[in-house]
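Here's a structure for you.
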Amino acid sequence: MSETVHDVELFGHWICPFSVRVSFALAVRSIAHRVVEVPPSAVRPKGFVVPEAFTLHSPRLEIPLLRIDQTYLADSIPILEWLDAVFPGTWESSEVVAQRCQWIDAKLFRPMISIYYGTSPNEIRVASETLDQRLNELGELLGHNEWLVGSGPSRAEAVLAPLYVRLHGLSQLGWTGTLPKVVALHAQRTMSLAGAASVEWTSAQTEEFVARFLAYRRKVSAGISW
Ligand SMILES: N[C@@H](CCC(=O)N[C@@H](CS)C(=O)NCC(=O)O)C(=O)O
């Protein structure tokens, strides 16, 4: 029996953690796709022309935007759910997976983002402490398990992967913690999955990420709007 071949296109960018979730899910599951680079507006080169399909189909003009055949969907977690539905069988999908994804989004991504968008030392310190607390909770949640849910990777790993990708950058922007042992092992396991290397940052990408947010902080402290 032949499997349906879908035409898949991702509008995204490596610096966007939400976009990396989708890139990770596509790469690790060997889902053939094209990438249309749409930098977030804060890092968009002058004169960049946003593709018309993106303007038409991303309701908030946010990346990631995914097209499968003739259908478009924005927003990383719904996109990952959609991939599970269209490409079933490779990753476990359950209510627990959905809960883990929401937990990571609300509890880990908020302080992570607050570190690099932080503009005062106090704000950055509080975000760093909150992230450490949440990473400890993640460690408890993992316990002795290899994966976040069940016996193999799921979209919860895809939701978390962008944090693992930017750890060095976060340290340079004010994160003072380290990963709890079980989380470090999970990070290693997650980023060793076949295909995951394609979303790892090079040192040049880490440097660019850090430089951009240092510049952002300088602009904010000089009272220039971003
Ligand atoms: N909830 C969305 C958030 C996506 C998001 O915030 N994307 C940012 C880039 S990281 C964006 O496109 N912002 C609009 C802009 O840059 O103009 C998701 O999970 O996909």
Side-chain angles (χ1 to χ4, degrees), residues 8-28 31 33 35-68 71-86 91 93 97-119 127 131 134 148 154-167 169-170 173 175 199-201 205-206 208-217 219-220 224-226:
V8 182
E9 192 166 55
L10 169 66
F11 298 76
H13 194 267
W14 64 267
I15 210 165
C16 169
F18 307 101
S19 182
V20 167
R21 289 176 172 172
V22 180
S23 295
F24 179 94
L26 291 167
V28 168
I31 300 171
H33 63 284
V35 177
V36 179
E37 280 221 340
V38 182
S41 40
V43 299
R44 205 167 280 164
K46 260 205 178 95
F48 179 85
V49 180
V50 177
E52 197 184 351
F54 175 76
T55 315
L56 282 174
H57 298 286
S58 180
R60 296 184 177 167
L61 296 180
E62 287 177 345
I63 51 168
L65 171 73
L66 193 72
R67 179 176 66 76
I68 304 183
T71 312
Y72 289 83
L73 189 68
D75 210 359
S76 58
I77 293 179
I79 290 174
L80 296 178
E81 288 167 359
W82 190 33
L83 287 174
D84 278 354
V86 178
W91 277 0
S93 185
V97 174
Q99 284 167 9
R100 291 281 188 276
C101 292
Q102 293 305 333
W103 186 87
I104 294 162
D105 204 46
K107 302 290 179 184
L108 278 170
F109 268 50
R110 279 199 202 142
M112 174 190 89
I113 290 168
S114 298
I115 290 175
Y116 51 91
Y117 274 104
T119 51
L131 181 62
R134 302 285 161 73
L148 287 161
S154 69
R155 65 177 186 271
E157 267 74 29
V159 171
L160 183 54
L163 168 70
Y164 293 154
V165 166
R166 65 194 56 218
L167 287 174
L170 288 174
L173 289 167
W175 175 49
V199 304
E200 282 277 23
W201 283 358
Q205 284 172 313
T206 296
E208 184 175 336
F209 168 70
V210 172
R212 287 196 181 279
F213 281 94
L214 290 178
Y216 166 78
R217 287 176 185 173
K219 283 189 183 176
V220 171
I224 303 163
S225 66
W226 183 241

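Start at 1 with the first residue, then count along the sequence. In listed order, ligands and their atoms are each counted from 1.
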Could you tell me whether the side chain of Arg217 and the main chain of Gly118 form a donor-acceptor pair under 3.5 Å?
yes
Nearest neighbour in protein (non-hydrogen) for atom 9 (C) of ligand 1:
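Here the closest protein heavy atom is Cys16 SG, 3.4 Å.
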Select the closest option to atom 12 (O) of ligand 1 among Val38, Ile63, Val43, judged by heavy-atom distance.
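Residue with the shortest heavy-atom distance to the ligand atom: Ile63.
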Before signing off on this row, confirm whether Arg44 and ligand 1 have an N or O atom pair separated by under 3.5 Å.
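No; every N/O pair is 3.5 Å or more apart.
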Could you tell me how the ring of Tyr116 sits relative to the ring of Phe213: parallel (under 30°), tilted (30 to 60°) or perpendicular (over 60°)?
perpendicular
At less than 4.0 angstrom from any non-hydrogen atom of Ser41, what atoms of ligand 1 do you find?
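Near Ser41, the atoms of ligand 1 are 15 (C), 16 (O), 17 (O).
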Might you work through the side chain to side chain contact (heavy atoms under 4.5 Å, CB included) test for Tyr216 and Thr119, ending with a clear yes or no?
CA-CA 8 Å; Tyr216 166 78; Thr119 51; 3.9 Å; yes
In terms of ring plane angle, is the pair Tyr72 and Phe11 parallel, tilted or perpendicular, where the classes change at 30° and 60°?
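Rings of Tyr72 and Phe11: tilted, 30 to 60°.
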Heavy atoms only: which of Ile113, Ile15, Asp75 is nearest to atom 1 (N) of ligand 1?
Asp75
Under a 4.5 Å cut-off applied to non-hydrogen side-chain atoms, are Leu66 and Glu9 in contact?
no
Please determine which of Gln102, Arg100, Arg21 meets the side-chain contact (heavy atoms from CB on, under 4.5 Å) test together with Val159.
Arg21
Which protein heavy atom lies closest to atom 13 (N) of ligand 1, and at what distance to 0.1 Å?
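It is Glu62 CG, 3.8 Å.
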Report the nearest protein non-hydrogen atom to atom 20 (O) of ligand 1: residue, atom name, distance rounded to 0.1 Å.
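Scanning the protein heavy atoms, the shortest distance from atom 20 (O) of ligand 1 goes to Ser76 N, 2.8 Å.
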